[in-house]
Engineer: 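The structure that follows is given in the form of structure tokens.
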Amino acid sequence: MDPLKSITKNEIKEAIKSKLSRYFNTTPTDASENQIYKATVLTVKDILTSMRAEYKKDIKKSEGKRVVYLCMEFLLGRSLQVNLTNLGIVDEYRSALREMGFSLDHLYELEPDPSLGNGGLGRLAACFMDSLSALGYPANGYSICYEYGLFRQKIVDGEQIELPDVWLPDGECWLVPRTDKTYIVRFDGHITENWRGGHCDIIHENYTEVQAVPYDLMISGAGSRAVNTLRLWRARGTNQNFNMKLFSQGEYIRAMQQNTSAEIISKVLYPSDEHTEGKLLRLTQQYFLVSASLQSVIADHFALYGTLNNFADKVAIHINDTHPALCIPELMRILLDVYSYSWEDAWNIVTRTISYTNHTVMPEALETWNEDLFRLKLPRIYMIICEINRRLGEELWRAYPGDWERISQMSVISHSQIRMANLSVYASHKVNGVSELHTQILKDTVFHNSYKYTPEKFINITNGIAHRRWLCCANPELATLLDETIGPEYRYDSERLSDFAKYSNDKNIHERLSEIKQHNKERFAEYYYLKTGIALNTHSIFDVHVKRIHEYKRQLLGALKIIAYYNELKENPNSSLPPHTFIFGGKAAPGYYIAKDIINLICGISKELEHDPRLRERMRVIFIEDYKVSTAEILMPASDISEQISLAGKEASGTGCMKFMINGALTVGTLDGANVEMRRAVGNDNIYIFGLRANEVEELWRRGYESIAYYNRSERLRRAVDALTTGFNGKQYTNIMHYLLLGHGVADPYMCLADFDSYTSVCRKAAIDYENKSLWYKKVVMNIAGAGYFSADRSIREYAEKIWGCKSIYGK
Ligand code: 26Q
């Protein structure tokens with residue numbers, strides 16, 4: 001490990017004192033906990049700043065290629081604990097603070113959990129930043145500094161209520177404002193082309209200007225001297241927006257209004273996942289992000305090399321899904337209009353620089369923009385996209401003369417829609433899916449024609465997680481057990497976790513693991529009790545289904561299983577199955593009514609069980625309000641069963657599954673996304689797989705799926721579905737019953753009923769296995785031992801090697 005900054009307890013105390021005095025005019029004795037928290041953060045920021053200065057020198061010396069990771073979302077989670085752990089100075093800070101009368105663990109809890117993301121895609125971006133720093137790859141993430149992150153969820157009478165998520169100002173102390181690096185982004189207006197000789201000058205008039213002001217977040221890596229940054233852009237009005245004439249006429253409010261409309265761009269994150277809305281503000285946000293980021297990247301590059309000719313050799317730009325795909329025409333615009341490159345040279349630079357990860361195969365999630373709306377908002381970018389589309393059309397016509405259907409299917413503009421996925425595939429030198437199955441489905445279906453045309457572009461890189469955050473920080477007792485048994489190397493080399501397999505039959509290790517699980521359950525139960533006043537039975541099976549609420553993720557299938565189990569227990573209260581706590585959590589997009597109905601159903605079942613003290617001992621259902629990264633960090637280590645039950649072929653990868661696995665929870669899941677590779681890693685005996693395979697789903701779909709047939713065939717299922725009309729806690733759920741049996745179009749589009757029987761029987765098997773401690777913990781050991789592959793370190797090394805062509809500057 002590289003020697004990092006060393007700092008003593010006394011130096012820390014002095015540093016905190018000095019921050020308290022300078023910024024809060026107070027002393028450790030008088031300071032509030034919040035002031036101590038902020039002063040502590042400022043001292044950590046100082047350490048990171050000085051490390052970053054050294055790191056930048058190392059990057060410059062190496063002249064290596066750097067990664068620019070563009071993403072509309074970074075779901076970071078808290079930073080203090082992770083930074084102190086990465087720097088190896090937790091103990092020093094803990095004792096310095098203790099001597100000042102404060103608890104470091106308390107301070108961790110004061111940190112807001114910035115929710116600058118919706119779910120998996122945003123969390124993946126955050127895990128990747130962690131590994132990029134740990135491994136010493138020069139990298140910068142770019143995103144938007146949303147004033148409000150994803151909404152805060154409240155559950156009132158079983159209904160989801162959305163409240164604004166205010167993470168600033170308390171979260172602001174990690175940000176470094178870089179007002180000196182502000183750029184201007186232009187919208188609207190009209191374009192005139194002015195041909196002079198062979199060159200065309202582009203004149204953009206009557207545009208609206210917005211300033212992009214960067215705020216940098218420093219990202220440390222475990223045991224690494226690298227400190228990369230995540231640059232978050234905030235929108236500000238310029239003087240151009242401020243109408244002096246109105247102001248001097250005394251119309252203050254109207255004079256302000258134009259500035260406010262510029263600032264609205266970075267106000268709030270769109271609370272939606274897996275389906276596009278085509279909203280103008282979202283388009284504005286996307287262009288704002290890519291234009292500001294590219295201007296910044298190009299200015300830095302030009303300052304260093306004095307030319308853009310070597311841009312593609314020195315910069316790899318990665319787009320995380322199509323949301324930042326406007327960087328393709330924007331980079332073209334800068335090269336053509338500002339640096340006077342020819343179209344061919346510019347296109348060559350663009351296609352050698354940009355690469356794209358796809359995160360979904362759901363047709364409703366593939367972004368498209370209405371051409372007219374697009375033309376008005378981004379007139380120059382529209383012209384460039386038209387030219388890209390024209391050239392693509394010509395190229396395809398040469399390759400497939402007369403094959404209109406194929407050409408239309410692959411084109412960027414079609415039926416007055418601009419298709420961002422096709423643009424991204426065409427302009428990228430590599431396109432990757434996020435699990436083996438997902439990549440195969442991309443090749444077979446959504447991108448089939450593009451795959452046939454340029455097969456070498458398509459590769460798979462299976463997702464991974466920041467295993468140090470999700471294991472070492474979130475589950476310190478398990479990390480200690482691993483340190484003692486297999487040694488601490490797994491912290492830097494996750495594949496070493498496989499050494500743990502040799503303890504699979506060791507009764508002492510089983511005992512230790514079961515104690516650790518028990519402590520983690522108690523920790524979660526205490527957290528939950530403090531929030532709700534409800535005391536959980538920590539000796540029950542914790543069966544956990546947490547993720548965004550979506551039809552395809554099938555929380556409804558989970559609910560049907562619980563209803564069936566409830567029906568059984570009512571009839572036979574002395575059932576031999578061990579007690580269960582079914583834990584759900586996750587947010588539904590505000591306009592996604594069926595998802596909100598499903599939350600309502602789960603809360604209804606939960607309430608009804610609360611009224612039955614005898615049954616409650618055997619089964620309980622809870623819905624955790626406002627599920628987020630910091631909740632996951634307490635919950636995953638406490639879980640016994642991880643529910644990964646999406647309809648096969650729909651979940652691109654899933655990453656929650658990996659966090660559960662590394663914390664020793666066993667997966668109940670379909671052969672979907674990363675579950676397929678997890679099964680290979682742990683062996684069939686150590687995972688509970690059920691349900692239709694992806695190809696069977698397709699086949700059934702083609703034949704014509706009829707949920708009613710399953711309803712008629714299985715009595716347990718029929719009784720569970722019928723219970724929706726009888727209702728729970730005095731409320732009926734006929735809408736869900738309709739959805740499952742009658743449907744608007746197709747009933748039960750995600751085939752919950754088809755998978756019900758195999759799901760419930762595999763769950764029963766898991767519950768029986770749970771009672772056999774040595775059998776269960778053998779499986780737990782095999783899951784922990786198999787989790788090494790699913791580290792983001794491995795994913796990042798693959799991206800660096802197969803896509804970006806860049807090297808760690810510390811040879812890691
Ligand atoms: C698009 C347009 C307008 C508004 C919002 C959006 C939008 C926002 C977020 C569309 C999609 C997303 C997020 C998608 C996502 O999180 N996908 C998940 O990505 C994970 C990381 O690869 C995978 O593990 C999951 O399987 C996938 O669902």
Side-chain angles (χ1 to χ4, degrees), residues 69 71-75 115-128 143-144 146 149-151 268-286 289 318-326 356-370 418-421 424 432-439 441-442 460-466 546-554 586-592 629 644-660 669-670 672-678 694 790 792 795 799:
Y69 198 85
C71 185
M72 290 285 283
E73 315 193 353
F74 279 84
L75 195 44
S115 289
L116 308 186
N118 270 291
L121 166 142
R123 183 54 231 171
L124 185 78
C127 285
F128 280 4
S143 194
I144 293 176
Y146 302 103
L150 186 61
F151 64 86
V268 61
L269 165 73
Y270 268 87
S272 170
D273 67 343
E274 314 274 357
H275 53 108
T276 63
E277 292 193 44
K279 291 273 159 62
L280 188 61
L281 179 58
R282 171 88 180 172
L283 178 66
T284 313
Q285 289 184 331
Q286 295 185 347
L289 165 65
H318 199 83
I319 57 175
N320 204 25
D321 218 298
T322 58
H323 316 151
L326 291 176
Y356 152 57
T357 301
N358 172 286
H359 296 265
T360 186
V361 292
M362 311 258 284
E364 67 268 33
L366 295 177
E367 274 192 305
T368 58
W369 295 108
N370 173 284
I418 302 179
R419 304 196 290 208
M420 304 306 271
S424 304
N432 77 292
V434 289
S435 72
E436 287 175 12
L437 176 66
H438 169 60
T439 302
I441 294 174
L442 288 180
N460 174 64
I461 300 186
T462 298
N463 281 344
I465 56 165
V546 284
K547 47 182 84 247
R548 284 300 289 263
I549 313 292
H550 207 294
E551 288 162 87
Y552 84 80
K553 294 180 188 279
R554 299 201 295 190
K587 298 177 185 177
Y592 193 175
V629 175
Q644 308 300 334
I645 62 174
S646 50
L647 177 64
K650 300 294 180 212
E651 187 70 271
S653 159
T655 45
C657 50
M658 304 167 186
K659 297 162 197 165
F660 282 106
T670 46
D672 198 15
N675 294 353
V676 176
E677 290 151 80
M678 279 168 52
F790 302 98
S795 309
Y799 276 90

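Indexing begins at 1, ligand by ligand and atom by atom, following the structure's order.
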Engineer: May I ask you to decide if the ring planes of His318 and Tyr69 are parallel, tilted or perpendicular, using 30° and 60° as cut-offs?
Structural biologist: parallel
Engineer: Give me the nearest non-hydrogen protein atom to atom 23 (C) of ligand 1 as residue plus atom name, then the distance to 0.1 Å.
Structural biologist: Gly654 N, 3.7 Å
Engineer: Please state which protein non-hydrogen atom is closest to atom 6 (C) of ligand 1 and give its distance, to 0.1 Å?
Structural biologist: Arg282 NH2, 3.5 Å
Engineer: Of the non-hydrogen atoms in Tyr356 and Ala421, which two are nearest, and what is the gap between them?
Structural biologist: OH-CB, 4.1 Å
Engineer: Could you list which atoms of ligand 1 come closer than 4.0 Å to a heavy atom of Tyr552?
Structural biologist: 28 (O)
Engineer: Is there a donor-acceptor contact under 3.5 Å linking the side chains of Asn432 and Thr357?
Structural biologist: yes
Engineer: List the steps, then state whether side-chain contact (heavy atoms from CB on, under 4.5 Å) holds for Gln644 with Phe660.
Structural biologist: CA-CA 10 Å; Gln644 308 300 334; Phe660 282 106; 3.7 Å; yes
Engineer: Below a 4.0 angstrom heavy-atom separation, can you tell me which part of Met72, side chain or backbone, both or neither, approaches ligand 1?
Structural biologist: neither
Engineer: Show which atoms of ligand 1 fall inside a sub-4.0 Å distance from at least one heavy-atom site of Gly120.
Structural biologist: 16 (O), 19 (O), 20 (C), 21 (C)
Engineer: Strictly by modelled atom types, are His438 and Asn460 linked by a side-chain donor-acceptor pair under 3.5 Å?
Structural biologist: no
Engineer: By number and element, which atoms of ligand 1 are closer than 4.0 Å to a non-hydrogen atom of Ala652?
Structural biologist: 26 (O)
Engineer: What residue and atom, counting heavy atoms only, is the protein's closest point to atom 26 (O) of ligand 1, and at what distance?
Structural biologist: Glu651 OE1, 2.6 Å
Engineer: Could you walk me through whether Thr670 and Leu647 pass side-chain contact (heavy atoms from CB on, under 4.5 Å), step by step?
Structural biologist: CA-CA 7 Å; Thr670 46; Leu647 177 64; over 6 Å; no
Engineer: Check for me whether His323 has a heavy atom closer than 4.0 Å to any atom of ligand 1.
Structural biologist: yes
Engineer: Taking it one step at a time, do Ser653 and Met658 satisfy side-chain contact (heavy atoms from CB on, under 4.5 Å)?
Structural biologist: CA-CA 10 Å; Ser653 159; Met658 304 167 186; 3.8 Å; yes
Engineer: Judged by non-hydrogen atoms, does Thr360 sit under 4.0 Å from ligand 1?
Structural biologist: no
Engineer: Considering heavy atoms of the protein only, find what lies nearest to atom 16 (O) of ligand 1 and give residue, atom and distance to 0.1 Å.
Structural biologist: Leu121 N, 2.9 Å
Engineer: Taking N or O atoms only and a 3.5 Å limit, does Glu367 qualify as a polar contact for ligand 1?
Structural biologist: no
Engineer: Apply the test side-chain contact (heavy atoms from CB on, under 4.5 Å) to residues Leu366 and Arg419: give CA-CA distance (whole Å), side-chain angles for both, the deciding distance (0.1 Å), then the verdict.
Structural biologist: CA-CA 8 Å; Leu366 295 177; Arg419 304 196 290 208; over 6 Å; no
Engineer: Do me a favour and list the nearest non-hydrogen protein atom to atom 8 (C) of ligand 1 with residue, atom name and distance?
Structural biologist: Ser272 O, 3.1 Å
Engineer: Quick check on contacts: which atoms of ligand 1 are under 4.0 angstrom from a heavy atom of Glu73?
Structural biologist: 8 (C), 9 (C)
Engineer: Is it true that a side-chain atom of Gln285 and a backbone atom of Val268 form a donor plus acceptor pair closer than 3.5 Å?
Structural biologist: yes
Engineer: What distance do Thr655 atom OG1 and Phe790 atom CZ have between them, rounded to the nearest 0.5 Å?
Structural biologist: 12.0 Å
Engineer: Which residue and atom name correspond to the protein heavy atom nearest atom 22 (O) of ligand 1, and how close is it?
Structural biologist: His359 ND1, 2.6 Å
Engineer: So which heavy atom in the protein is nearest atom 17 (N) of ligand 1, and how far is it from that ligand atom?
Structural biologist: Glu274 OE2, 3.2 Å
